[in-house]
Enquirer: 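My questions all concern the structure below.
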Amino acid sequence: MGFGKVDYNRSSDNAYAEAAKASMVGGGQRSFMTTKQPSHITIFNIANTMVGTAMLVTPLQFLQAGIIPSLIAILIVGWVNFKTCNLCIIHKLNYEGDLSEILERIMGVRWKQAFLLSSIALMFVLGVAYFLLMLDPFYTILKGFSPSLPEPKHFTFAEFSYQWAAIILIVICFALFSAPNLSLILKLNSLGILALIVFLLFIFVTGFEAIFRGKVYFVTTDDGASGFPLVSKDIITICGIFALAFAIHNAIVQIIRYNKDAKKNTRDLGLGYLLGSLIYAGVGIFGGFAVSWRPKCSAAEFKNHDSSTLMDCFTSDEPFSYYFMLVAAFFVLLHLATVIPIIIFVVRNQALELFFGTGRPPAWAFWGFNTLQTSFMLLAALLNVFPSTLLAIDGAVCGFGLLYVVPIFLHFRACFGVHEEDRESGSHSSLRNPSLNKSEAHSEDNLAIDYKNQESWKTYGLYGSIFVFGFALMVFQLYQTFA
């Protein structure tokens, strides 16, 4: 399908399709969205969806958590998210193009609404965090042209400052959010692949540079040490960040539905998670190599919050790495400028659907949401909230419902029977689509037959443990943030 004028009363299902296509190879291309794709394209699309601007804070979080706990966090959180994400696709029928449709069929309308609410919370906070990540390279580039600009933590309106930059950028963002047509933004979003390549090149080149110059050495802890700590005490934040980075649950159905061989969906999903995990591990390790020896970003200094992203670690004293960083910052800024409007488009459509149904909402609701979203963005910037903190809270707290509650209870209901009231309401029945014949309704449901035949105690034990893990991560993240 082509992308024309944005209709503000579109359902969240279509909004998700817009966002999912924007993150895919060939997103927005007519031929891609109407034909099946081989497994290697599906795997790449899955990895490309989860690998994003969390890379800006990953190296610093490796320094804060230590290289060994960070790699363990990638392994555990990646596996947990893969297991729950897989639950979102194994119960999909041919005609279903969105997780909310699966939930409505199996769980009923209330669970669909719960899904929308949890997704709104996750993506609303994500929009705020992405604005902060966008502001950082924006101000870094400005400081490249005018080194005398004050540091972001210096609050002032008496001169041009980080706060003035935030106001300028929020005005631009408000205009982007209010655009009636996403066609140009979706086309520019294809530059995201180029931005990813440039940023990864920057990470690995500066990482190898540090190795060749003998700047890389390891320390056992981060207590007053300058170097790359092997272990540390703070692992909660990086777990929350990776929980968010690996959260593709609300887009996975749109991606996987075009896989040529549906029987390979779980395998391809796992390989996509593996590829994404390897990229994050490489960025964390080599990014840590690149900045662990720099004064502003040593583990000890980072605990004092002198740097919010990787970009803040480089100074003009090292011309090659500094100007390379400015080039990478420009591409990151351009990419984020195309990603944020899509995120807001999705969350706004979901919020308006939740409160006004699928009919056309009033104009004041559209403008009111944009105002609310940008107000929180600006407030977070003025308070100098660190994006890593927001990302961690978003993944561990806001993502609890979407990543753990919704898929696990969906699986339990699909595997262990349906209550009589569900049959009466039409839940868990192909009667929601009367034109669907029996063979079509159950052709993909066979993908879940092995799970349904599994002994109940094994299913409850495995996914109950995953649920406890998610709940514990949420509690520890809240305690660490507010205690």
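Keep in mind that what you see is a predicted model, and the values were worked out from it rather than measured. Just so you know, these numbers use all the heavy atoms, side chains as well, and skip hydrogens, waters and symmetry mates.
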Enquirer: Are the side chains of I252 and L269 in touch, meaning some heavy atoms are under 4.5 Å apart?
Expert: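 Answer yes - side chains close enough.
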Enquirer: If you draw a 6.0 Å radius around CZ in F471, do more than 12 non-hydrogen atoms from other residues or ligands fall strictly inside?
Expert: no
Enquirer: Measure the spacing between CG of L194 and CG of L334 and express it to the nearest 0.5 Å.
Expert: 8.5 Å
Enquirer: Answer with yes or no whether the side chains of T315 and R294 bring together a donor and an acceptor at under 3.5 Å.
Expert: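 No, because no side-chain N or O of R294 sits under 3.5 Å from a partner of the opposite role on T315.
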Enquirer: Distance alone, cut at 3.5 Å: any donor-acceptor contact between the side chains of N370 and S178?
Expert: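 Note: N370 and S178 side chains meet the donor-acceptor criterion.
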Enquirer: D268 and T42: side chain to side chain donor-acceptor pair (under 3.5 Å), yes or no, with the steps?
Expert: CA-CA 7 Å; D268 294 345; T42 300; 5.0 Å; no
Enquirer: Taking the six-membered ring for Trp, are Y404 and F469 parallel (under 30°), tilted (30 to 60°) or perpendicular (over 60°)?
Expert: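 Y404 vs F469 ring planes: perpendicular.
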Enquirer: Side chains of V128 and D394: does their closest heavy-atom pair fall under 4.5 Å?
Expert: no
Enquirer: Find out whether M311 and M325 are in side-chain contact, i.e. whether some heavy atom of one side chain is under 4.5 Å from a heavy atom of the other.
Expert: yes
Enquirer: Which atom pair, heavy atoms only, marks the closest approach of Y463 to I408?
Expert: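 Shortest heavy-atom separation between Y463 and I408 comes out as O-CD1, 3.4 Å.
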Enquirer: Is the shortest side-chain heavy-atom distance between N45 and Y258 below 4.5 Å?
Expert: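 The answer is no, as the side chains (C-beta and beyond) never meet within the 4.5 Å cut-off.
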Enquirer: Does L402 reach the side chain of P407, with side-chain heavy atoms less than 4.5 Å apart?
Expert: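 Side-chain contact under 4.5 Å: no.
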Enquirer: ring-ring contact (aromatic ring centres under 6.0 Å, His included): which pairs involve residues 163-196, sequence neighbours left out?
Expert: F157-W164
Enquirer: Within the side chain of H249, is there an N or O that forms a donor-acceptor pair under 3.5 Å with the backbone of C85?
Expert: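 Flag set: sc H249 to bb C85 pair under 3.5 Å.
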Enquirer: Please lay out, stage by stage, how H411 and I90 fare under the test side chain to side chain contact (heavy atoms under 4.5 Å, CB included).
Expert: CA-CA 9 Å; H411 187 57; I90 60 174; 3.9 Å; yes
Enquirer: Please identify which of these residues, F124, F369, Y130, F131, meets the ring pair (Phe, Tyr, Trp, His ring centres under 6.0 Å) condition with F376.
Expert: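 Passing option: F124.
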Enquirer: Measuring from atom CG of D234 to atom CD of Q61, what distance do you get when rounded to the nearest 0.5 angstrom?
Expert: 7.0 Å
Enquirer: Salt bridge between E209 and K215, side-chain N to carboxylate O under 4.0 Å?
Expert: no
Enquirer: Are more than 12 heavy atoms, taken from residues, nucleotides or ligands other than Y322, located less than 6.0 Å from that residue's OH atom?
Expert: yes
Enquirer: Counting only heavy atoms from other residues, nucleotides and ligands, does the tally under 6.0 Å from CZ of F355 exceed 12?
Expert: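 Result for CZ/F355: open.
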Enquirer: Going by atom types alone, do S100 and D98 pair a side-chain donor with an acceptor below 3.5 Å?
Expert: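 A donor-acceptor contact under 3.5 Å links the two side chains.
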Enquirer: Between F202 and F199, how do the two ring planes meet: parallel, tilted or perpendicular, split at 30° and 60°?
Expert: tilted
Enquirer: State, to 0.1 Å, how close L310 and G287 come at their nearest heavy-atom pair, and which atoms those are.
Expert: CD1-O, 4.2 Å
Enquirer: Please confirm whether the backbone N or O of F115 pairs with a side-chain atom of S119, one donor and one acceptor, at under 3.5 Å?
Expert: no
Enquirer: Give a yes or no answer on whether the side chain of T84 reaches the backbone of L403 with a donor-acceptor pair at less than 3.5 Å.
Expert: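 Yes, T84 side chain to L403 backbone: donor-acceptor pair under 3.5 Å.
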Enquirer: Distance check, rounded to the nearest 0.5 Å: I67 atom CD1 versus F218 atom CZ?
Expert: 5.0 Å
Enquirer: Could you tell me whether the side chain of S292 reaches within less than 4.5 Å of the side chain of F62, counting heavy atoms only?
Expert: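 No; the side chains remain at least 4.5 Å from each other.
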Enquirer: Do the rings of F246 and Y280 sit parallel, tilted or perpendicular, given the 30° and 60° boundaries?
Expert: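 Rings of F246 and Y280: perpendicular, as their planes differ by over 60°.
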Enquirer: To the closest 0.5 Å, what do you measure between CG (D136) and CG (L132)?
Expert: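 Interatomic distance, D136 CG to L132 CG, rounded to 0.5 Å: 9.0 Å.
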Enquirer: If I take atom OG1 from residue T53 and atom CG from residue L133, how far apart are they, to the nearest 0.5 angstrom?
Expert: 5.0 Å
Enquirer: Can you name the nearest heavy-atom pair linking I255 to Q37, along with the distance?
Expert: O-NE2, 3.4 Å
Enquirer: Taking C-beta and beyond as the side chain, do L103 and L410 meet within less than 4.5 Å on heavy atoms?
Expert: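 Yes - at least one pair of side-chain heavy atoms lies under 4.5 Å apart.
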Enquirer: Given I89 and I102, is the side chain to side chain contact (heavy atoms under 4.5 Å, CB included) satisfied, shown in steps?
Expert: CA-CA 9 Å; I89 61 174; I102 303 172; over 6 Å; no
Enquirer: Side chains of Q64 and S232: any donor to acceptor distance under 3.5 Å?
Expert: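 No pair is found: no donor N or O on one side chain lies under 3.5 Å from an acceptor on the other.
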Enquirer: Is there a side-chain contact between V347 and Q373, using heavy atoms and a 4.5 Å cut-off?
Expert: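 Yes - at least one pair of side-chain heavy atoms lies under 4.5 Å apart.
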Enquirer: Any donor-acceptor pair under 3.5 Å linking the side-chain atoms of Q163 with those of S161?
Expert: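 Yes, Q163 and S161 have a side-chain donor paired with an acceptor closer than 3.5 Å.
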Enquirer: Check the pair V332, M55 against side chain to side chain contact (heavy atoms under 4.5 Å, CB included), reporting the backbone distance first and the verdict last.
Expert: CA-CA 11 Å; V332 169; M55 293 190 299; over 6 Å; no
Enquirer: Got more than 12 heavy atoms from elsewhere within 6.0 Å of CZ, F160?
Expert: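 Count over threshold, so yes.
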Enquirer: Is there a donor-acceptor pair closer than 3.5 Å between any side-chain N or O of D312 and the backbone N or O of T309?
Expert: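 At least one qualifying donor-acceptor pair exists.
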Enquirer: Could you state the interatomic distance from CH2 (W79) to CG (L75), rounded to the nearest 0.5 Å?
Expert: 10.0 Å
Enquirer: Taking atom CZ of F204 as the centre, report whether more than 12 heavy atoms of other residues, nucleotides or ligands fall under 6.0 Å from it.
Expert: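 Correct, the count exceeds 12.
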Enquirer: If every non-hydrogen atom of E159 is compared with every non-hydrogen atom of P150, which pair is closest and at what distance?
Expert: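 Nearest pair, atom of E159 first, then P150: OE2-CG, 4.1 Å.
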Enquirer: Start with the C-alpha gap between F467 and F400, add the side-chain angles, then the distance that decides, and say whether ring pair (Phe, Tyr, Trp, His ring centres under 6.0 Å) holds.
Expert: CA-CA 9 Å; F467 183 88; F400 176 68; 5.4 Å; yes
Enquirer: Nearest heavy-atom pair of A166 and A381: which atoms, and what distance?
Expert: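 Between these two residues, the closest heavy atoms are CB-CB, 3.8 Å.
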Enquirer: Under 4.0 Å between a side-chain nitrogen and a carboxylate oxygen: does that hold for R348 and E353?
Expert: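 A salt bridge is absent here (no side-chain N lies under 4.0 Å from a carboxylate O).
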Enquirer: Keeping S146 on the side-chain end and K143 on the backbone end, is there a donor-acceptor pair under 3.5 Å?
Expert: no
Enquirer: L336 and P341: which non-hydrogen atoms are nearest, and at how many Å?
Expert: O-CD, 4.3 Å
Enquirer: Test F314 against V291 for side chain to side chain contact (heavy atoms under 4.5 Å, CB included), laying out the working first.
Expert: CA-CA 8 Å; F314 296 86; V291 302; 3.9 Å; yes
